[in-house]
Amino acid sequence: MNTEIGTGQITAQPAQQAGTVTIQLTVNGTRHQINVDPRMLLIHCIRDILGLTGANIGCLTGHCGACTVMLAGQIVKSCTILAVSADGATITTVEGLARDGQLTPLQESFWAEYGFQCGYCTPGMLMAATELLRDNPDPSDDDIRRAIAGNLCRCTGYQNIIKAVKAVKVQREQVK
Ligand code: FES
Ligand code: FES
């Protein structure tokens, strides 16, 4: 059961179901109180309970990066974390990057530079590159490659992904 409790104080207490644990997550600015199976992975909680299907499931073994989200400001592979371990955490998924329907410069750049083909890896790539550009506004090609090293693209579109990240850097330099 998911009780959405907005951004203010917690007002709702859902009934505890047998065998479940109640946790609280703030996802893309919205606070939720959720009953989860203690064995549930965070990616399943995000997709199946919260209905945020941007983060994808690829390998479920921590290798592909399709499930990447930001937890407490750091990218994590959400298939490697139990939902109960994230109790109380603030999470950003790919759905939380755009504001009021306005894509971020990085998202626009992926579009402009053809930084995706099938798009399956794209949410994870965007999260990894968002963290990179937040922490390093002037990344080298090697920095970009290292930042997305944990994210696999089965379409092998890496060159255009790197171009897309670099284009954001160039745009920033032009507005200086
Ligand atoms: Fe999580 Fe592949 S589904 S790393
Ligand atoms: Fe298809 Fe990366 S665009 S997996």
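Only heavy atoms go into these numbers, but all of them, side chains included; no hydrogens, no water, no symmetry mates. Note that ligands are numbered from 1 as they come in the structure, with each ligand's atoms numbered from 1 the same way.
Annotation: atom 4 (S) of ligand 2 to nearest protein heavy atom, Arg154 N, 3.2 Å.
Ligand-side atoms of ligand 1 in range of Gly62: 4 (S), range being under 4.0 angstrom from any heavy atom. In the vicinity of Cys155, heavy-atom distances shorter than 4.0 Å reach the ligand 2 atoms 1 (Fe), 3 (S), 4 (S). Within ligand 2, counting atoms from 1 as listed, the ones closer than 4.0 Å to a heavy atom of Cys153 are 2 (Fe), 3 (S), 4 (S). Against a heavy-atom cut-off of under 4.0 Å, Cys59 is close to the following atoms of ligand 1: 2 (Fe), 3 (S), 4 (S). For ligand 1, the atoms sitting less than 4.0 Å from at least one non-hydrogen atom of Cys67 are 1 (Fe), 3 (S), 4 (S), numbered in the order shown with element in parentheses. Residue-ligand proximity, Gly119 to ligand 2, at heavy-atom distances under 4.0 Å covers atoms 1 (Fe), 3 (S). Ligand 1 places these atoms under 4.0 Å from at least one heavy atom of Gly65: 2 (Fe), 4 (S). Close approach of ligand 1 to Leu60 (heavy-atom distance below 4.0 Å) involves ligand atoms 2 (Fe), 3 (S). In summary, the atoms of ligand 1 found under 4.0 Å from a heavy atom of Cys79, numbered by their order in the structure, are 1 (Fe), 3 (S), 4 (S).
In this structure, a donor-acceptor pair under 3.5 Å is present between the side chains of Asn28 and Thr93.
At a cut-off of 2.8 Å, Cys121 coordinates atom 2 (Fe) of ligand 2 through an N, O or S atom. Residue Cys64: no N/O/S atom is found under 2.8 Å from atom 1 (Fe) of ligand 1. Coordination check, His63 versus atom 1 (Fe) of ligand 1: failed, since every N/O/S atom of the residue sits at 2.8 Å or beyond.
Residue contact check for ligand 2: Gly157 places no non-hydrogen atom closer than 4.0 Å to it.
Under the side-chain contact (heavy atoms from CB on, under 4.5 Å) test applied with Phe110, the options Asn160, Leu103, Thr104, Leu126 reduce to a single match, Leu126.
A distance of 11.0 Å separates CE of Met40 from CD1 of Ile46, quoted to the nearest 0.5 Å. Ile144 contributes atom CD1, which lies 9.0 Å from atom CG of Asn136 (distance to the nearest 0.5 angstrom).
Shown here for Leu25 and Ala86, the closest heavy-atom pair between the two residues is CD2-O, 3.1 Å.
Counted within 6.0 Å of CZ on Arg154, heavy atoms from surrounding residues, nucleotides or ligands total 12 or fewer; the atom is thus considered open. Annotation: Arg134, atom CZ; neighbour count of heavy atoms from other residues, nucleotides and ligands within 6.0 Å is above 12. Environment of CD in Gln102: sparse, with no more than 12 heavy atoms of neighbouring residues, nucleotides or ligands closer than 6.0 Å.
Checked by atom type and distance alone, the side chain of Arg99 pairs as donor or acceptor with a backbone atom of Gly96 at under 3.5 Å. Side chain of Asp87 to main chain of Gln24: a donor-acceptor pair is present (N/O by atom type, distance under 3.5 Å, no hydrogens or angles).
Across Gly58, Ala66, Ala55, heavy-atom proximity to atom 3 (S) of ligand 1 is greatest for Gly58.
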